[in-house]
Structures are given as C-alpha cells and as structure tokens.
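Notes to accompany the following structure.
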Number of protein chains: 2
Amino acid sequence: MFTTLDNLAGPGPQPDQDARTRVLECAYRLFYRHGLRATGIDRIIAESGVAKASFYRHFPTKQALVEAYLDLRHARWMGWMESRLSAAPDARAWLAALPDALDDWFRAPGFRGCAFINGHAEAGTEAPAMTVTHKRELAARIARACAEAGLAPPDEVAADLLLATEGAIVRAQMEGADAARGPLLRAFARVLAGPERAAA
Amino acid sequence: MFTTLDNLAGPGPQPDQDARTRVLECAYRLFYRHGLRATGIDRIIAESGVAKASFYRHFPTKQALVEAYLDLRHARWMGWMESRLSAAPDARAWLAALPDALDDWFRAPGFRGCAFINGHAEAGTEAPAMTVTHKRELAARIARACAEAGLAPPDEVAADLLLATEGAIVRAQMEGADAARGPLLRAFARVLAGPERAAA
DNA sequence: CAGAAAAGAGACAGGTCTGTCTATATGCTT
DNA sequence: AAGCATATAGACAGACCTGTCTCTTTTCTG
C-alpha cells in the first residue's frame with residue numbers, strides 16, 4: 001500500500017505496468033486534478049498510452065472507472081493516514097496528531113481538497129456511494145480512537161472532530177494550508193480538552 | 001433583495017420578465033442544482049424560453065453567465081443571512097444565532113451545499129474569483145460581529161467559526177442536516193464560551 | 001507449437017457542447 | 001412614421017463526448 005504523500009498524489013502511469021493499471025493511475029491523477037466531468041475518456045486513453053478497446057475491456061463505462069478511482073483513493077488515503085499516525089503511542093496521541101497529519105496533507109504538492117467532497121459536489125445525488133462511505137469510515141476510525149482514549153460518547157466526539165476536519169479541508173482548498181492550520185489545531189484542542197463540552 | 005429560503009433557492013424564470021432576467025434565474029436554479037459543467041447553455045436557453053441570439057447578447061460566454069450567477073447568489077445569500085439574523089439584539093446574540101440560521105438553510109428544500117464551495121471544487125484554480133471572495137466577505141462579517149461582541153482577537157475567532165461553518169455545510173450536504181446540527185452547535189458554543197481558548 | 005486472451009491502432013456513430021450566423025418580428029423613441 | 005435596439009426561430013460549424021467496431025499484433029498458456 002502507498003503510504004507517502006507523493007504516492008497519494010499518484011505515481012502516474014509507467015510503461016511496464018499492464019493496461020488496466022496504467023489507465024487507473026492516469027485517471028487517478030487527472031480526476032483528482034481536474035475533476036470528474038472535466039476529464040474525458042479520450043484524454044485518459046491518450047495519456048495512459050492504451051488502446052481504446054483495451055480501456056473498455058477493463059472499464060465498461062466511465063462511471064466504472066470513476067468508481068475504481070474513488071475506491072483506490074479511499075484505500076490510499078486511509079493507508080496514508082494510518083501510516084502517518086502509526087508512531088502514536090496511544091489513541092489519545094493518535095487523535096492529537098491528526099491535525100498535524102492533515103496539515104501535512106494540505107501542504108503536499110498538488111493538493112486540491114478532498115476527492116470525495118469534490119466528487120460529491122460535482123455529481124450530487126448521482127455521486128458514487130464511496131463519496132459518502134469514505135467519510136463514514138473515517139468517522140468510524142476516529143470514533144474507535146475516541147473510545148480507546150476514553151472520550152465519551154465516542155460517536156459524538158468523533159462527529160465534532162470530523163466537522164473540524166471537513167472545515168479545515170475546505171478552508172485549505174480555498175485559502176491555503178496556512179488559513180486552515182490555526183483554526184484546525186484550536187478546534188481539536190477544544191474538543192479533546194475534556195468532557196466539559198458545552199451542550200446545545 | 002430576496003430574504004427567504006425559497007427565494008434563495010430561486011423563484012425561477014417568469015414569462016413577464018425580460019430575457020436577461022429569465023436566463024439568469026434559470027441558470028441560478030440549474031447551476032446550483034446540477035452543477036456548472038453539467039448544465040449546458042442549450043438547456044438554459046430552452047428552459048428560459050429565450051432565443052439563442054438573445055442569450056449571447058446578454059452573456060458573451062458561459063463563463064460570464066457563471067460569474068453573474070455567483071454574484072447573484074452571493075448577494076442573495078448574504079441578504080438572506082442578514083435578514084434571518086436581524087432580530088438579534090446585539091452582536092453576541094447575532095453570533096449565537098448563526099448556527100440556527102445555518103440549520104434552517106440546511107433543511108431548506110433543494111439544499112445541495114454551498115454554491116461557492118461546489119463551484120470551487122468543480123473548477124479549481126480556474127474558478128471565478130467570487131468563490132473565494134464570498135467566503136472572505138462572510139469571514140469579514142463574522143469578524144465584525146466578534147469585534148462588536150468583544151471577542152478578541154476577532155479575526156481569529158471568526159476563522160474558528162468559519163471553519164465550523166464550512167464543516168457543517170459539507171456534513172449537511174453529504175449526510176443531511178441532522179448530522180451537522182449537533183457538532184455545529186457544540187463547535188460554536190465552545191468557541192463563544194470565552195477567551196480561554198486552548199492555544200496550539 | 002498452437003490456440004486463446006489481451007493489447008494496439010484507429011475509424012466510426014450518434015450525441016452534446018459552445019458559439020456564430022441569417023432572417024424575421026416586435027416594440028420603443030424620436 | 002422611421003429607425004433602432006431587442007426579441008424570436010433555428011440552421012450551422014467545429015469541437016468534444018462516450019461508446020462500438022474492425023483488423024492486426026503481441027503475449028501468455030496449455
């Protein structure tokens with residue numbers, strides 16, 4: 001599994017890979033960089049150096065390629081996050097390190113926001129299920145850490161941390177990593193400060 | 001100025017309006033509902049009941065129409081927010097009421113997230129400047145309220161509130177208003193609780 | 001080695017996209 | 001009444017879109 005930010009951005013297609021991999025890596029880069037609708041099949045075929053018939057053998061429709069792209073992105077992103085936070089000695093430290101990890105991501109070259117937020121924004125209700133599933137799995141992972149860290153109720157704390165995470169992603173995308181860093185760190189610090197969280 | 005949520009969603013084109021207004025109202029609905037790229041000029045022309053030449057007289061390119069749409073959306077959204085919060089007796093109450101106002105918006109029929117976040121997600125660096133400008137003006141408005149409410153430093157507090165706002169918009173878009181409400185209320189309550197905010 | 005699966009190259013179809021053009025009708029202003 | 005801006009109606013161009021098809025070559029496997 002890819003665990004570096006460079007690989008998160010995508011290694012790009014390489015000649016010695018098989019046709020399916022070349023197409024998928026190429027789509028991975030172009031879909032993230034330019035968006036789903038803005039990226040045409042023809043361009044992916046041209047840049048991946050694959051024949052059209054070969055493309056349609058592996059991906060019967062563009063939609064299938066989009067879904068494969070989001071699946072791959074999900075696997076890589078989660079893998080990167082786990083790897084980036086694997087040094088944390090316990091769940092509490094894991095949660096405390098999450099904002100720094102996100103900040104690294106925001107500063108990685110080619111950062112253009114969250115592929116799932118962007119995909120959902122573009123496709124709306126017709127967006128692949130992974131756009132929502134990714135967020136649910138992230139929420140579940142954070143909730144697990146909250147439970148292990150003794151932060152109760154874990155689902156509620158996780159929802160609070162996810163809200164801050166989403167906000168930071170959008171802020172970083174529109175205004176840059178510097179604009180997101182401070183508010184994100186403070187939001188996490190406040191949520192993790194203790195159970196004396198204000199009720200609605 | 002339009003001040004209701006229904007009008008925020010758009011009144012739609014009406015026969016007695018002039019051609020430019022009919023086009024713009026139609027674009028307003030379609031761009032928000034289906035996205036920028038997914039909405040073709042031909043469809044806007046057909047649904048607004050305008051001749052193609054008339055369209056291109058008022059909007060030399062599609063990009064110009066997109067910009068006009070975002071300008072209008074900005075004006076209406078800010079107008080709606082001010083109207084919705086005009087009953088607040090002071091700046092403190094104004095800030096405290098913001099999450100409820102946002103929650104109303106999330107629950108309005110046809111809610112599909114923030115037009116500026118969505119537009120930026122779709123068009124990236126080529127997105128119209130208004131996608132970013134809108135957020136800056138909203139941040140400035142919140143910062144003004146923070147200053148009036150004696151929350152210091154106002155820009156920092158405003159950035160914290162904006163982060164929560166953006167996160168809530170995205171959560172509401174992907175998971176529904178119910179998922180966003182609790183975390184948003186708690187985030188605001190924490191930030192507004194006092195100046196003893198944890199440092200990074 | 002022989003057959004099958006996969007890949008390459010590219011023509012083609014049918015649709016949609018933005019934007020231009022011609023021709024005609026309507027309504028306002030002077 | 002004349003002229004002009006604006007409207008309608010719709011053909012048209014040229015590009016791009018997804019997806020299908022044919023034909024040849026390579027590569028893998030039994």
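Each chain gets a letter, A, B and so on, in the order its sequence line appears, and its residues count up from 1.
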From CD1 of B:I44 across to P of C:dT18 the rounded distance in Å is 8 Å

note: A:I45, atom CD1; D:dC16, atom C1'; distance rounded to Å ~ 13 Å

Can you tell me if A:R37 has over 12 outside heavy atoms packed within less than 6.0 Å of its CZ? no

Its contact letters, B for base, S for sugar-phosphate only and - for none at protein heavy atoms under 4.0 Å, make nucleotides 18-23 of chain D read BBBB--

In 5'-to-3' order, the base (B), backbone-only (S) or no-contact (-) status of each nucleotide in nucleotides 25-30 of chain D, using a 4.0 angstrom heavy-atom cut-off, is ------

Quick one: side chains of residues 49-57 of chain B, donor-acceptor pairs under 3.5 Å with protein atoms, not counting sequence neighbours, listed by atom name and distance.
unit_1	atom_1	unit_2	atom_2	d
B:K52	NZ	B:D42	OD1	3.1

If the condition is ring pair (Phe, Tyr, Trp, His ring centres under 6.0 Å), which residues does [X] pass it with, not counting sequence neighbours?
X      : answer
A:H74  : A:H134
B:Y69  : B:Y28, B:F31
B:H120 : none

Residues 157-176 of chain A vs ring-ring contact (aromatic ring centres under 6.0 Å, His included), sequence neighbours excluded, gives none

_Applying ring-ring contact (aromatic ring centres under 6.0 Å, His included) as the test, list every pair that has at least one member in residues 83-104 of chain B; sequence neighbours left out._
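Listed once each, the pairs would be none.
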
- Item | Partners passing salt bridge (charged side-chain N to carboxylate O under 4.0 Å, His left out) against A:E148 (at least two apart in sequence or in another chain) |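 Residues passing salt bridge (charged side-chain N to carboxylate O under 4.0 Å, His left out) with A:E148: A:R144.
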
Let me check something: do A:L163 and B:V157 share a hydrophobic cluster, defined by ILVMFWY side-chain heavy atoms less than 4.5 Å apart, either directly or through other members?
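Different clusters.
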
Check the interface with nucleotides 25-27 of chain C: list each N/O to N/O pair with the protein under 3.5 Å, or write none.
none

Any pair counted as salt bridge (charged side-chain N to carboxylate O under 4.0 Å, His left out), so long as it reaches residues 172-183 of chain A, sequence neighbours left out =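 Qualifying pairs: A:D100-A:R181, A:D103-A:R181, A:R107-A:D178, A:E175-B:R136.
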
In short, salt bridge (charged side-chain N to carboxylate O under 4.0 Å, His left out) pairs touching residues 114-132 of chain B with sequence neighbours left out are none

On the nucleotide [N], are OP1 or OP2 found under 4.0 Å from the side-chain N or O atoms that [X] carries?
X     : N     : result
A:S54 : C:dG8 : yes
A:R22 : C:dG8 : yes
B:H58 : D:dA7 : yes

Of the candidates D:dA7, D:dA9, C:dA7, the side chain of A:R57 sits closest to C:dA7

